[in-house]
Amino acid sequence: MARTSRKANRRHPLATVVLIAIGLAFTGGGYALFSSTATADSNVAASQATVEEGSKLFAANCATCHGMNLEGSAAGPNLLGVGAASVDFQVGTGRMPLAMQGPQAMQKPPQFTEEQTAALAAYVASLSPGPAVPTDSQIADTGDATNGGELFRINCAMCHNVAGAGGALTEGKFAPELTGVDSKYVYEAMLSGPQNMPVFNDHNITPEDKRDIITYLKYLQNNPSPGGFELGNLGPVAEGLFIWIFGIGAVVALTVWLTAKSN
Amino acid sequence: MAHDETSGTDVAATSSGAGGVSNTSGRAVEPSAAVSSASGGLAVMTTDGLSDPGIPPHRKRITDLDPKKAKGAQRAVYTLFYLSIAGSIFAIAAYMAFPINSDDPGSVRLNTVFLGLGITLALMGIGIGAVHWAKTLMHDEEGVDIRHPVRSSDETRARAVEIFHEGNVESGFGRRSLIRNSLIGALVAFPLPAVILFRGLGPEGESPSELLSHTMWKAGDRLTLDPSGLPVKASDVTIGSAFHIIPEGLNDAPDRLEQKAKAAVLLMRVNPSDLNVSAGREDWNYDGIVAYSKICTHVGCPVALFEQQTHHLLCPCHQSTFDVNNECEVIFGPAKRPLPQLPITVDGEGYLVARSDFLEPVGPSFWERS
Amino acid sequence: MTIEKSKVDGLVPGTTDHLVDGAPPKISNAPSARFTSAAANYIDERTSISAVVKEFGRKIFPDHWSFMLGEVALYSFVVIILTGTFLTFFFQASMAPTVYDGSFVPLKGVEMSSAMSSTLNISFEIRGGLLVRQIHHWAALLFIASIGLHMLRIYFTGAFRKPRELNWVIGFVLFILALGEGFTGYSLPDDLLSGNGLRIIDGMVKGFPFVGTWISYLLFGGEFPGEQIVGRLYTLHILLLPAIIVALIALHLVFVVVHKHTQYAGPGKTNDNVIGYPVLPVYAAKAGGFFFIVFGIIALIASFFTINPIWNYGPYDPSPVSAGTQPDWYIGFADGALRLMPPGLEFVLWDHTYSFNILIPVGVLGLFILTVLIYPFIEGWVTGDKREHHILDRPRNAPTRTAIGAAGVTFYAALWSAASSDILATHFQLSIESVIHAIQALVILGPIIAYFVAKRVCLALQKKDREMALHGFESGRIVRLPGGEYIEVHQDVDEYERWKLVSFHEYKPLMVRPNARGKITAPQRLRAGMSKWFFEDRIAPVTRADLEHQKQLH
């Protein structure tokens, strides 16, 4: 099976993950796969001082592409009306400042501290008001997971996959995985439509609906699959690879043992 | 070659000479003669091939030679069988010890894992034990069976022909051609009613191509949100937005899913200057708000992956890509036709409404579509 | 398949003559033995079972790991039947809408079909239900994978040659039926993933000329999705398809018994014998134990790995879809073929739509399947070899066949990988368009490259075998000759080893000759061309003369 081995090599990282995962299960660690995502309070009051600090940071780090007055340039879009939410998302997840031009901005370790990010957001919002950073109660996972699930499947799953595993878009772009993403950023992304993601404003998905979607995502994250390891939630592709590599692999190994002459 | 053509005698004799198969001699001759009488076609016949050295000498296993090892193997086998019993008991215990608690989804996982582990142990214990037994302790000298040609013997074949002939003569099947042909006709005709019965699989009085040509959209229907059914105001749709839309009243329709499968719409707002509108469609959008069928024109998956900067719409099933700027024409992938556009406008209260139904059938192409 | 139980008339079990010849073995007089013999007598007087035991009990079965692959398929199928039966006790094959009220919180209160709701209940309310569901689905994946591997073994060793051509056809039909079983089963829960799968089937069927629209209409009992399809697929899945599969498996095994199992070339193994272990006791223990092992592997996988988490997908609704929507792996090649079609292959002519973006993949795959189905007859016609073949070819000794197989595998694999083009794109940070274009090229060029590489590798291996048979292998011992020359001593292979290297068939291309009326017919010409293609490059097996000649040289 040329394909299997080819795939096997290609999928080696997954194989390792699976092996580690088996080990975890046997040690009982499999049930402790909660990722604690402490939601930091980022609603720093937009005092004049922070706006000024933000202005300096913006001039030094952002203005080359986005222009001194948020008017944008050939290298970056204008930021008029994007609001604090968008800045907090882009800078807080490390997507901005851009490391290099590519199909889309990649997530990476943020370059600014939370205070600096808040200052930038306050500065941008002060020039041209837009959606604000959500409050803690807006992103609490106390909503209705059922409603959230239904809305997620209709509005989000076609790009991000029903389990939030992410998916491909055109020309090298992709919808990122949602597992482990801070609820605040999920909210801000819906509100601001970063990069090629459409905007889901409050008339389309109300703040309560957004909270429900976050509640659903949290539910998926906090309740590992009842069936066991999820194989990356990639659906039948991962299942098919698994049966060819591990299922057929184990079976063939045992047939060899079974028919080999004993010592 | 050698062992096929000169076959039989030679080879059987050689193989009986060597190795542990002493009792094959003399018996292999007649069947192989029959096997090799058939033509070898393009096979190259050599008379000069090497000869088969026969079965190699038997090698004894460690368990045949060392009684201690045999004892060890025996211990391993019964231990595995006992382990299997333990596995079965464990599975039963796990069934009781890990009940499913409806408040706790983790309980399903525990139940699955521990029940499964017990069953695995029970099965593997038997399986590996039995195989280990066979490999280490059972008699392991190889045996030999003689093959016979699959072809029946000439007498049998002759008798079979004779039987058919007798049957033919006694029934007159070949002679009474009117009887035979009418019977064949009857046999051909009798399954036809069964075929026609399958017409009942679909309801009567409808034309499938006619059904495919319409959706429940009609002039003045409000565009409402999927799934809530709340109407959408034009002013709510900001640039870069994507709204998943169903027609007003769909949730109350008796055939909700069938209607939704044709009427689902994606509503997007782009900068009006980005849109290339063709003649006749000038009033189909409302200030950059456009509505397109969500059902792919390839094989019908929902196309809803809207990229707000590039204005591409991607189908996640077969990657057909549509360009919203150019009335959803196909720019990549197997689909041919653009997604049908739903003409929209606003009503007196500012809500978005359909101007009419789609002007062409939505979804996959079909034969009757022109 | 694998279990060797032939009809025997002169059974000659080499190792067991003490049982066959002479007096029957001594039977002890212990009470348990008396009971056994009484029970055996009771049964035999009513069933003549002794004849069966006499026929089959000592059947010889050759031992090789690759002979067990069909057994894996058979055993997976048994596991599927066992677990499937359990599932039918709980599953409701109805699309009647109901409101889910089970324990999975994110779906509580959602309207869905009874099929979906009962599948969720199997998963979340019934102890062991999820385990059985996962065993069933994993076993299905293993079932089809092992059939595939079994078929490859049959193909590459030439086990499909006379007299087994018809059994190849039966086996291949079983493979297609297994795909049908898989697809119908995948569609039963009526979740979002399988619903979109059905939608694709619906779209494909509609693309067929003349009948497509009507077939779709009748299949779904009206407009898609309707309320009929799950019930109909259920009947196919649990009644019609399994019945046909069981019947064909029985026939498949009957043929194995009639033909007796093939064996690999080796010392003592001829076209007229079978060398191996008897069914009782060795093979019964091994094959019987192997059932439990296969079942155990599936159970282990099912205990730890989620398969088809329908609770994530939610109930079918025509509006949503998930990124990464795919069929199960075995339908992947068909889905991949759909994805690879370039744009624009759909035309309207005379008021009718011709959907070549659907018809071309269907046609190409149909042709591919047909070629695989009739391959034994094609090869048989080219070689004109009417002899029975019970000794398997080593793949290298049939270079053209092996190369064709490698090309076929590459073609299939390329289509299959196209079905996960989006996953490939995201995981390797490529653009989906370039992945598709690369695979489009791979589907065309891959088989050609694979063909030539495989053929050259086979010929090279044959040359190596010939060298080895003539000159022996390199011993690694370097000797300095009196003249100062260094040579590496070659050590002759022993005669058993040599026999493995030299015992194979050789064919030569057909020489076209005019027939009685002085004509060369077109089929003759075709056959000559095909045989040239097959056998032009060949390495002759070592003969006695070669060996003598070699000896004289030294």
Side-chain angles (χ1 to χ4, degrees), chain A residues 1-3 6-7 10 21-22 25 103 145-146 148-150 153-154 157-163 165-175 216 219-220 225-231 233-244 246-248 250-252 254-256 258-261, chain C residues 63-65 68-69 72 105-110 123-124 130 134 138 141-142 145-146 149 152 192-193 286 290 293-294 297 301 303-309 312-314 319-329 332 406 409-410 413 416-417 420 422-423 425-426 429-433 450:
Chain A
M1 295 310 300
R3 179 187 157 87
R6 201 153 50 83
K7 280 267 181 179
R10 196 191 287 154
I22 294 172
T146 307
E150 199 163 8
R153 282 191 291 278
I154 288 173
M158 65 279 189
C159 299
H160 289 286
N161 166 301
V162 280
L169 297 174
T170 67
E171 293 166 356
K173 302 182 289 290
F174 62 93
Y216 175 67
Y219 182 92
L220 286 187
S225 166
F229 296 101
E230 288 147 340
L231 303 177
N233 271 321
L234 294 177
V237 171
E239 292 158 7
L241 277 177
F242 185 86
I243 203 69
W244 270 99
F246 293 96
I248 288 285
V251 163
V252 168
L254 281 159
T255 58
V256 171
L258 189 140
T259 49
K261 187 174 162 78
Chain C
D63 221 10
H64 191 273
W65 68 267
M68 307 298 288
L69 297 170
V72 179
V105 174
L107 287 177
K108 237 181 186 139
V110 171
S123 307
F124 293 126
L130 183 59
Q134 298 200 138
W138 280 119
L141 295 195
L142 185 67
S146 56
L149 214 53
L152 289 174
L192 189 59
L193 184 67
K286 281 192 176 181
F290 193 48
I293 289 175
V294 171
I297 290 172
I301 293 174
S303 332
F304 282 107
F305 295 95
T306 308
I307 188 163
N308 197 12
N312 282 347
Y313 290 105
S319 167
V321 64
S322 172
T325 289
Q326 332 261 349
D328 269 352
W329 78 262
V409 168
T410 311
W416 185 14
S417 67
S420 48
D422 48 341
I423 309 253
T426 49
Q429 299 192 4
L430 302 164
S431 85
I432 188 115
E433 290 84 357

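Values reported hereafter were calculated over all heavy atoms of this structure, with side chains retained and with hydrogens, waters and symmetry mates removed. Lettering of chains follows the sequences in order, A, B, ..., and the numbering in each one begins at 1.
Interface summary for chain C: among A:Thr259, A:Asn233, A:Ile154, the most heavy-atom pairs under 4.5 angstrom belong to A:Thr259. No other option in C:Ser123, C:Ser431, C:Gly314, C:Pro106 has as many heavy-atom pairs under 4.5 Å with chain A as C:Pro106. Options A:Ser225, A:Gly149, A:Ala260, A:Gly167 differ in how many heavy-atom pairs under 4.5 Å they form with chain C, and the most are formed by A:Ser225. Of the listed residues A:Gly240, A:Ala175, A:Gly235, A:Ala168, the one with more heavy-atom pairs under 4.5 angstrom with chain C than any other is A:Ala168. Interface check for chain A: of the options C:Pro309, C:Ala145, C:Ala425, the most heavy-atom pairs under 4.5 Å are formed by C:Ala145. Annotation: maximal heavy-atom pairing with chain A below 4.5 Å, among C:Asn308, C:Leu142, C:Thr426, occurs at C:Leu142.
Rounding to the nearest 0.5 Å places CH2 of A:Trp244 at 6.0 Å from CH2 of C:Trp416. The line from CD1 of C:Ile307 to CD1 of A:Ile243 is 7.0 Å long, rounded to the nearest 0.5 Å. C:Ile293 CD1 to A:Leu254 CG: the interatomic distance, rounded to the nearest 0.5 Å, is 5.5 Å. Here OG1 of C:Thr325 is found 12.0 Å from CE of A:Met158. Values are rounded to the nearest 0.5 Å. In this structure, C:Ser420 OG and A:Leu241 CG are separated by 7.0 Å, a value rounded to the nearest 0.5 Å. Interatomic distance, CD of A:Glu230 versus OG1 of C:Thr306, reported as 5.5 Å (0.5 Å rounding).
Only the backbone of C:Leu430 comes within contact range of chain A, judged by heavy atoms closer than 4.5 Å. For C:Ile432, the parts lying near chain A are the backbone and the side chain together; criterion is any non-hydrogen pair under 4.5 Å. Using a 4.5 Å cut-off between heavy atoms, A:Pro226 contacts chain C through both its backbone and its side chain. Using a 4.5 Å cut-off between heavy atoms, C:Ile297 touches chain A through its side chain atoms alone. Interface residue C:Ser303: only backbone heavy atoms are found under 4.5 Å from chain A. Using a 4.5 Å cut-off between heavy atoms, A:Leu220 contacts chain C through its side chain alone, with no backbone atom that close. Contacts between C:Gln429 and chain A at a heavy-atom distance below 4.5 Å involve the side chain alone, from C-beta outward. For C:Leu107, the parts sitting under 4.5 Å from any heavy atom of chain A are the backbone and the side chain alike.
The two residues A:Glu239 and C:Trp138 come nearest to each other via the heavy atoms O-CZ3, 3.5 Å. Closest approach of C:Ala323 and A:Cys159 over heavy atoms only: CB-O, 3.4 Å. Shown here for A:Arg153 and C:Pro320, the closest heavy-atom pair between the two residues is O-CB, 3.2 Å.
Residues A:Phe174 and C:Asp422 form no side-chain contact, since every pair of their non-hydrogen atoms from C-beta on lies 4.5 Å or further apart. No side-chain heavy atom of C:Leu149 sits under 4.5 Å from any side-chain heavy atom of A:Val251. Residues C:Leu69 and A:Val252 form a side-chain contact, since some pair of their non-hydrogen atoms from C-beta on lies under 4.5 Å apart. Counting heavy atoms from C-beta outward, C:Trp65 and A:Leu258 have side chains that stay 4.5 Å or more apart. For the pair A:Val237/C:Trp329, no side-chain contact is recorded, criterion being any heavy-atom separation below 4.5 Å from C-beta on.
A side-chain donor-acceptor contact under 3.5 Å links A:Thr146 to the backbone of C:Val105.
Partners of A:Lys173 according to the salt bridge (charged side-chain N to carboxylate O under 4.0 Å, His left out) rule, which considers only residues two or more places apart in sequence or in another chain, are A:Glu171, B:Glu307.
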